Amino acid sequence: MKYPEYKAVNYAEVANEILEFWEKEDIFRKSIDEREGSPTFTFYEGPPSANGTPGIHHVMARTIKDIFCRYKTLKGFQVNRKGGWDTHGLPVELQVEKELGITKEDIGKKISVAEYNQKCREAVMRFTGLWSDMTDKMGYWVDMDAPYITYKNEYIESLWNLLKRLYDKGLLYKGYTIQPYSPAAGTGLSSHELNQPGTYRDVKDTSMTAQFKVQKDEKSQFLFDQAGDDEVYILAWTTTPWTLPSNAALTVGAGIHYSLVKTFNPYTHLPVNVVLASDRIGAYFNEKGKDGDFEAYPTSDKKILPWTVLGTFKGSELTGIHYDQLLPYVQPEEGDAFRVISGDFVTTEDGTGVVHTAPTFGADDFRVAQQNGVPAILVKDENGKDMPLVDRKGRFVKEVADFALEYVKAEYYTDEEIAAETEKQGRDKYLSVDERISIKLKEENRAFNVQKYEHNYPHCWRTDKPVLYYPLDSWFIKTTAVKDRLAELNKTINWKPESTGTGRFGNWLENLVDWNLSRSRYWGTPLPIWRNDEGEEICIGSVEELSQEIEKSIAAGFMTENYLKGGDYESFDLHRPYVDDVILVSESGKKLFREPDLIDVWFDSGAMPYAQWHMPFENKEIFDKAYPADFISEGVDQTRGWFFTLHAIAGMLYDSVAFKNVVSTGLVLDKNGNKMSKRLGNAVDPFETLKNYGADPTRWYMITNAQPWDNLRFDLAGVTEVRNKFFGTLTNTYNFFALYANLDGYNFTGNPDLSKCTELDKWVLSKLQTLIKEVDAAYEDYEPTKAGRAIQEFVTDQLSNWYVRLGRRRFWKGEISDDKKAAYETLGLCLKTVSQLMSPIAPFYADWLYKNLTGDAEKVSVHLSDMPVAKEEWINADLQTSMDYAQRISSMIHALRKANKLKVRQPLSKVLVPVLSKETRQLISSVDELIKTEVNIKSVEYLDDDSGVLSKKVKPNFKTLGPKYGKNMKDVAAAINGMSKEDLKSLETSGKIQLAVGEIELGDVEIQTEDLPGYLTAQDGNLTVALDITITEELKNEGIARDFVNKIQNYRKDSGFEVTDKINIQLQNNNEELAKAIEVNKDYICQEVQALSLEVIDSLSDAAELEMDEFVLVVKIRTA
RNA sequence: GGGCCUGUAGCUCAGGUGGUUAGAGCGUUACACUGAUAAUGUAAAGGUCCCUGGUUCGAGUCCAGGCAGGCCCA
């Protein structure tokens, strides 16, 4: 075969060609089918939502996913990857509402729920075409022919099955959660609504600091001991005094310091002992009153409170202390209320550092109470259901006797009502509930401070009235019941990076609260629960089951027809509104109505391992082989989203992890580190980028520039760099190989005969084996960045810039020979191996390279090949060290030449290399031919100790000295630096020496050689070279000859000769020195420039003039 | 406010278990080289390793506290 040669390679075109080839040959399918019967490697696709267009960050995320799936395929696994679409959720609803110009209010009025949902169904799949296009163009392999779609009846049925199983385990229950609620509008508000402009306003409310009376027991005894009194109060501050009747606990910060302060109540002037955060004393007490006169206070003007600190302690010492209920209207039926607990949200920025905790009216309060087993203060409504002390209209319930049926916020009254209330209070001005609670507590010696407080508070965007944080009904999954098990299972997951697993995810699991499933919306999976006010309920787990229940309901006369019956899954819809019309019958024969909620869309995605296969109704065998996942990857922002929901469902229902390895990826930012957004116009268009740069350079850049979990600053200049530097070099190297292999008609076999190989061949093959090991380990460890960087370094530094550059003469000199074959075998094998190693990251280019190299001889695609396995016996550590020396010595000689204006074409006679050991000498001499060629030096000579001309320098080796001498390091270092020649000699012969500071061994020092007088010397670490720059006449002539060759070669090329053309040269004799140099080196010159004749003649017409240093060449070249 | 991540040259990034002189690529400048040529080599300039304390003979590296940016959650 001929190796295709390329003039200029366009990587985007390469991608197009290969994509066409993949599609024609169905390579993706084959890569899976050919591994039939092999162990499976399971990947779960986190479903994207197709209601938006894909961005460049999706290319990043999908590259990561693709890399490991391709890698595992190369390693012999069968890797199925089913695509999917996430179709439910608020973003879809909002988009549809925007397009239709409606709000949630209008649903059911201007537009029916059925029509609305139909719009959502259309909108959500709108951009699937764009997504498929991007998937193809970026080279991401995922099965898009049979994706799972979360709105399908089959998918929803699987979800219902999971929910039913949770329900049967008692893990699905109805409770409440604290949400922003507008009593005036009678509705809860979403965070989206709360983020409308103008909702947060500065308002003045009555704030108060209340005194909670500590009960005396073992736990609190120390307070009473310090106070020397029977009354101790804890101070807590609130901006909503109306929540005080609902107080159930006081929350402190475990690490915050608190003080016990003796003082007087400013309203009753009675002596009191109060507890508050030490940092807050300044906010409550005047410095003038510190350790003031307690005796004089009752008779003074009482303007300044005397106070004194009696003791200080941490919040953790207060937890568990009980106190008397402040406003004892209602007591909880069970549970341990009215005690001090600790919470992480407590600060000392305002208030007293003690938070009054009303579980029914604050989200933090609710959470901390639940975590500590503190009950909420509830009453029964007329139906016997639990309700808080404030009703849904915002009024106190009748049990709060002093304020029964009064609105807790004055804003909820109309002006007329205010007037009526004022009259009822018998005052000339209306006093709010907050104000009258303050007065009441002042009178009871329970208020320590009351004042107006201005703060920022949210208001309902529709009614303009303040919102309440209020408990609303919700369905929950009791994840807290399996919290410990989830944490345990998490420890078996391999997280990349580890900190996301232990930190972000681990902490989240530790502070887990029950999963709030309810969403009051329209487009989503309906909650399959029907219930009535008597508390009878039924949870449906399948279409079949629902159908049977409907039949019962028809029999009971509640329904007339069964919309599920007889049809296949295409003929009905499990969404609202149809499912809402279903009325079931309870065991006692009463009507059951569906709970109107939809479930959190995160449940949709977390259930995909089961629902994508319509489990448990179908595909059980497939599922068993594909569970749990070996690998998933998504953005780190999914930690509490998809990663959690997968984990939670798997833990609760299968007592298993859902995934064994997970890579959480960072963000893709613009080149300045700003978030990309379409609005700001700094978003990078993935299609443009793929078109202009090609998928492979784009992918390669993304992977090698930053670790997947670090944020990536995406800069197109970086893609250009990767394209030129890495892909350009690799393509050049391939072209070089193809050019000469074709000229010689040689096809490499991939099995070089080491006995025929040069040191350089063996070296690069040794490096190649090391590379295979390194890259394989990196992929195995989910470290694609390390893999890519290692490949890149090998290609540019080792293979191209050293192996090819030093060895290129072998490729174009002479006829085909064993040596030439060895060179072709070596280079060919390196290129082919590189194509395999890089194929997970750059799938198009790698396949292109592989196919160019192998033709039809092997697998038709690199992606069907097997990952190369390193040949340990080819790894030669000595050779690698030798070559390292060669590179460093060459580099130093280049530097010396440069500094002394001695160009490389001028040969020099010798370089001296001092060597301190036989081993070093051996290592260098094995490669000194290479050094000589590379830097154009006639000989390398070695200077060892016996030569007597070496002067040596000794330096301390801190690493070994450290543990021995520790504190005395400075003295020891000084002593070593001050060693005499004789000292060093005796250290070298006996292996140790006794200095004033102690005994030093040979390993404790580093010995280096110093400059050699009379030579140009250079040093790099432990290596020194000394260059002899004497230029003899012979050397000078040779230098001229080489310059001449160079000029002729350029001229040949400029004149358009082919590489293979033979020529005849005529040179005018215009300089004796030049003529002589040419004459002496005639054979050499002819061979280099492929000249059959070279004549130096006295006169020449029609000749070209070429500048060459101090000479002018008048020369004529003709094809022979 | 909490959890997690990041901070090293103009830019993008390396820098096992602490070891004294902190590296690479790109970019800039200069000079070379030129059957790989949209390449290549050599060199120069460029650093408060975010800050402050601490541990240590020795800290970019370990500890504590900050600062800045990001993500998630309140």
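Note that the coordinates shown come from a computational prediction; the quantities given were computed from them, not determined experimentally. The figures here come from the full heavy-atom set of this structure, side chains too, leaving out hydrogens, waters and symmetry mates. Lettering of chains follows the sequences in order, A, B, ..., and the numbering in each one begins at 1.
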Taking [X] for the side chain and [Y] for the main chain, is one N or O donor matched with an acceptor at less than 3.5 Å?
X	Y	result
A:K820	A:F811	yes
A:D710	A:G666	no
A:R789	A:P784	no
A:N705	A:Y701	no
A:S664	A:E634	no
A:W642	A:S605	yes

Might you list the N or O atoms of the protein lying below 3.5 Å from N or O atoms in nucleotides 38-41 of chain B, with each pair's distance?
from, atom 1, to, atom 2, distance (Å)
B:rU40, O3', A:N801, OD1, 3.3
B:rG41, OP1, A:N801, ND2, 2.8

Determine the interatomic distance between [atom1] on [N] and the same-named atom on [M]; round to the nearest Å.
N	M	atom1	result
B:rA68	B:rU55	P	27 Å
B:rG25	B:rC57	P	38 Å
B:rU28	B:rC11	P	15 Å
B:rU12	B:rG7	P	12 Å
B:rU17	B:rC50	C1'	26 Å
B:rA22	B:rA59	P	14 Å
B:rC51	B:rU61	P	10 Å
B:rG41	B:rC33	C1'	7 Å

Counting only Watson-Crick pairs (N1-N3 plus N6-O4 or O6-N4) and G-U wobbles (N1-O2, O6-N3), all under 3.5 Å, who is the partner of [N]?
N	answer
B:rG58	none
B:rA45	none
B:rG53	B:rC63
B:rG27	none
B:rA68	B:rU6
B:rA38	none

Classify A:S499 by what it touches in the nucleic acid, base, sugar-phosphate, or nothing, heavy-atom distance under 4.0 Å.
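If one applies the 4.0 Å heavy-atom cut-off, A:S499 turns out to touch the sugar-phosphate alone, with no base involved.
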
Tell me what A:Q707 touches on the nucleic acid: a base, only sugar-phosphate, or nothing, going by heavy atoms under 4.0 Å.
sugar-phosphate

Give me the atom names and distance for the closest heavy-atom approach of A:G694 to A:P697.
O-CD, 3.5 Å

[X] [atom1] - [N] [atom2] separation (whole Å):
X	N	atom1	atom2	value
A:W700	B:rG25	CH2	C1'	15 Å
A:K1047	B:rA32	NZ	P	11 Å
A:L827	B:rA36	CG	C1'	11 Å
A:E774	B:rG16	CD	C1'	14 Å
A:D781	B:rG16	CG	C1'	14 Å
A:F727	B:rG25	CZ	P	20 Å
A:F726	B:rC13	CZ	P	19 Å
A:L1027	B:rU42	CG	P	16 Å

Without hydrogens or angle criteria, can the side chains of [X] and [Y] be said to hold a donor-acceptor pair below 3.5 Å?
X	Y	result
A:Y803	A:T733	no
A:T729	A:T796	no
A:D365	A:Y469	no

Anything under 3.5 Å between a donor and an acceptor, one on a side chain of residues 711-727 of chain A, the other on a protein residue two or more places apart or in another chain? List them.
from, atom 1, to, atom 2, distance (Å)
A:N711, OD1, A:L667, N, 2.9
A:D715, OD1, A:A717, N, 3.1
A:T720, OG1, A:L716, O, 3.2

Determine, stepwise, if the pair A:R699 / A:D696 fulfils salt bridge (charged side-chain N to carboxylate O under 4.0 Å, His left out).
CA-CA 5 Å; A:R699 289 171 59 135; A:D696 299 300; 5.5 Å; no

Produce the list of close N/O pairs, under 3.5 Å, pairing protein atoms with atoms of nucleotides 10-12 of chain B; give distances to one decimal.
from, atom 1, to, atom 2, distance (Å)
B:rU12, OP1, A:R713, NH1, 2.7
B:rU12, O3', A:N705, ND2, 3.4
B:rU12, O2', A:N705, OD1, 2.1
B:rU12, O2', A:N705, ND2, 3.0

Just by protein heavy atoms under 4.0 Å, how would nucleotides 68-74 of chain B read 5' to 3' in B, S and -?
--BBSSS

Name the pairs: protein N/O against N/O of nucleotides 60-65 of chain B, kept only if under 3.5 Å.
none

Lys/Arg-Asp/Glu bridge criterion (N-O < 4.0 Å) met for A:K496, A:E783:
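A salt bridge is present here (some side-chain N lies under 4.0 Å from a carboxylate O).
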
Between A:V346 and A:L799, which residue's closest nucleotide on RNA chain B lies nearer the 5′ terminus?
A:V346

If you assign A:R1042 and A:R789 each to the RNA chain B nucleotide with the nearest heavy atom, which residue ends up on the more 5' nucleotide?
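Mapping each residue to its closest nucleotide by heavy atoms, the 5'-most match is A:R789.
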
Exactly one of A:F505, A:Y782, A:W709 should register a side chain to side chain contact (heavy atoms under 4.5 Å, CB included) with A:W495. Which one does?
A:F505

Please enumerate all residues that pass side-chain contact (heavy atoms from CB on, under 4.5 Å) together with A:D1043, with sequence neighbours excluded.
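With sequence neighbours excluded, A:D1043 shows a side-chain contact (heavy atoms from CB on, under 4.5 Å) to A:K903, A:R905, A:M1108, A:D1109, given in chain and number order.
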
Could you label the plane-to-plane angle of the A:Y734 and A:Y3 rings as parallel, tilted or perpendicular, counting under 30° as parallel and over 60° as perpendicular?
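Judged by the thresholds at 30° and 60°, the geometry between A:Y734 and A:Y3 is perpendicular.
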
